[in-house]
Amino acid sequence: MTDTIDADANAASAPVYTVTQERKIVTAIPGPRSQELQARRTAVVSEGVASALPVYIERANGAILVDVDGNQFVDFGAGIGVTTVGHTEERVVEAAASQLQDVIHTLFTITPYEEYVRVAELLAERTPGNWSKKSVLVNSGAEAVENGVKIARKYTGRRAVAVLDHAYHGRTNLTMAMNYKAHPYATGFGPFAGDVYHAPNSYPYRDGLSGADAAARTIAYLEKVVGATDLACLVVEPIQGEGGFIVPADGFLGILQNWCTEQGVVMIADEIQSGMARTGAFFASEHFEWEPDLVLTAKGIAGGLPLAAVTGRAEIMDAAQPGGLGGTFGGNPVACAAAVAVFESIDRNRLLAEAQRIERTLLAGLARLAERYDVIGDIRGKGAMIAIELVQPGTGRSSKQPYPEAVGSLIAFAAERGVLFLNAGTYGNVLRFLPSLAVSDALIDDALQVLDDGFAALG
Ligand code: PMP
């Protein structure tokens, strides 16, 4: 295993791609082989598992997905922000393959191994805050959220959990109660966990509030509706993901952290979508000079293998009794080896700078589109986490009526031409750009041209 990451000693070399980095459509979408697979799937896979685009993927590399019919898609979803270092990134593949030969599983809570410890060391180094930190590794984002809440409750001895409007935290029982949107995540799946409170967020495009005013509104809610002395934790995505890449107004997060610290509330950053170099900083919290008590990571941490973590102040993390945290697969050695390779790739491939490049290219291209298409009400985000919010024609300066139909049409239009975009937003009217950091400017420009044609076709 590599003990230290030294970016200078490992100067960036041009990535080698095993799939040409271009879009290519050779059949109708979905193609015949995908349609056959879809028919088999319909017979045996629960209808509860939906797929945005039923093309079956055979290979993936860099920023490109190749389906079973030979179509190539430029991937602006990255498995919802997972393959941040690129699909099948060579170091990740090598590290995971080598680990498969050595040891696949022991269970860290029975007989431990170095890779788990190394991931915890890297998380302690890279998460915001210059204090002693510890971690627990788990399998999924929702499991990280659940564990963060458990730890905060044990540490504070308090019961209540607060989240923000437009939040998304997962599909387990507790996290269903923490999401803003009931449908489709929670509808019919209750009863839900109690003691979860939804406080107002900061949504500059729609509320027009400064960070200080939005934070005052949030704090007033928490003090009146919950009561600080009963509040264990406030869980916040620094940039809200499924909610529509909502970037809070400056100052909002810092004021909330100060209030939490004064009141003995644990403030938890859900960096599951925004973390791991995605936004041009290692963690999105850094853009807001926010140093959270606990940080949740998942998605991008292991290049596509399932791994997640709760990392934070050692005294909070140690509040859990021995045996209280863990699980059979949590911190699997193969996923941990891949995660170590992800940390190395971020440094060696200078991926923070790549995310900043992607932000510049996307923002410039989208600004040009917004001059011509007034349905683009807002352009926002950071790094490779950028979104446009679409509003009904002529309402952008007044009522900002959501226009989800346009998002649906644009996504379908682009998919048929080999570009995979995702939607987002409480009102379904946000188109998000969440590519891997391997996506070139040429691929971005190409995708934006497809989007331009899609806007023109909207009429
Ligand atoms: N939190 C955030 C911010 C997320 O974006 C997600 C996944 N979209 C989750 C939690 C849940 O993660 P998982 O799907 O791995 O359980």
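Both counts, for ligands and for their atoms, begin at 1 and track the order of listing.
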Has Arg278 got a side-chain atom pairing as donor or acceptor with Lys382's backbone, closer than 3.5 angstrom?
no
So if I count the atoms of ligand 1 from 1 in the order they appear, which ones are less than 4.0 Å from some heavy atom of Asp270?
1 (N), 2 (C), 3 (C), 10 (C)
In terms of heavy-atom contacts, Ile379 and Ile388 come closest through CG1-CG2, 3.9 Å
Protein non-hydrogen atoms only, distance under 4.0 Å: does atom 14 (O) of ligand 1 have such a neighbour?
no
Please state which protein non-hydrogen atom is closest to atom 10 (C) of ligand 1 and give its distance, to 0.1 Å?
His169 O, 3.3 Å
Given the ring of Tyr168, does Lys181 sit roughly above its face, with NZ or CZ under 6.0 Å from the centre of the six-membered ring and within 45° of the axis?
no
Looking only at non-hydrogen atoms, the one of Glu146, Gln273, Glu242 nearest atom 5 (O) of ligand 1 is Gln273
Does Gly141, backbone or side chain, put an N or O under 3.5 Å from an N or O of ligand 1?
yes
At a 4.0 Å threshold, what atoms of ligand 1 neighbour a non-hydrogen atom of Ser140?
15 (O), 16 (O)
Considering only heavy atoms of Ala142, which atoms of ligand 1 have at least one such atom less than 4.0 Å away?
11 (C), 12 (O), 13 (P), 16 (O)
What atoms of ligand 1 come within less than 4.0 Å of a heavy atom belonging to Glu237?
3 (C)
Under 3.5 Å: donor-acceptor pair, side chain of Asn179, backbone of Gly170:
yes
Taking C-beta and beyond as the side chain, do Val430 and Leu390 meet within less than 4.5 Å on heavy atoms?
no
Going by the angle between their ring planes, with limits at 30° and 60°, are Phe421 and Phe76 parallel, tilted or perpendicular?
tilted
Any idea which protein heavy atom is nearest atom 8 (N) of ligand 1, and the distance to it?
Lys299 NZ, 3.0 Å
Distance alone, cut at 3.5 Å: any donor-acceptor contact between the side chains of Glu223 and Trp259?
yes
